Amino acid sequence: MPAPTHTRSHHSSPDTVDIRLPWWAVVLPALAFAALLLLMAGPSPAEAAATDPGVGGVVIHIQQTLAR
């Protein structure tokens, strides 16, 4: 006669918190942040890249905002 097997229950005990994020809950905010950062940097053609600060201007703007 086979012995009964015990399977794990998928119910969490009341004293633990089970937090699981779907993949898109991490990826979508990261993509939104990257898109907004690119919008702030603005499009810079290859000819104007030497004169336009681009991302450097964004960094300077962030530093000025944090210094206030």
Side-chain angles (χ1 to χ4, degrees):
M1 180 166 29
T5 58
H6 298 286
T7 58
R8 289 188 180 180
S9 173
H10 291 291
H11 303 294
S12 61
S13 61
D15 60 341
T16 62
V17 177
D18 186 25
I19 299 175
R20 291 185 183 172
L21 290 176
W23 65 269
W24 51 265
V26 176
V27 173
L28 286 180
L31 286 175
F33 177 77
L36 289 174
L37 187 62
L38 287 174
L39 284 174
M40 283 179 57
S44 58
E47 302 88 39
T51 59
D52 188 21
V55 176
V58 173
V59 173
I60 291 171
H61 180 69
I62 292 172
Q63 286 177 345
Q64 290 173 350
T65 303
L66 293 176
R68 292 182 191 177

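Hydrogens, waters and symmetry mates play no part in the numbers below; they use all other heavy atoms, side chains included. All of these numbers come straight from a predicted model, not from anything done at the bench. Numbers here are sequence positions counted from 1.
Using a 4.5 Å cut-off between side-chain heavy atoms of Ile, Leu, Val, Met, Phe, Trp and Tyr, with links allowed through other members, W24 and L31 fall into the same hydrophobic cluster.
Rounding to the nearest 0.5 angstrom, the gap separating the CH2 atom in W23 from the CG atom in L28 is 6.5 Å. Rounding to the nearest 0.5 Å places CD1 of I62 at 5.5 Å from CE of M40.
Judged as a side-chain contact (heavy atoms from CB on, under 4.5 Å), and not counting sequence neighbours, P29 has no contacts.
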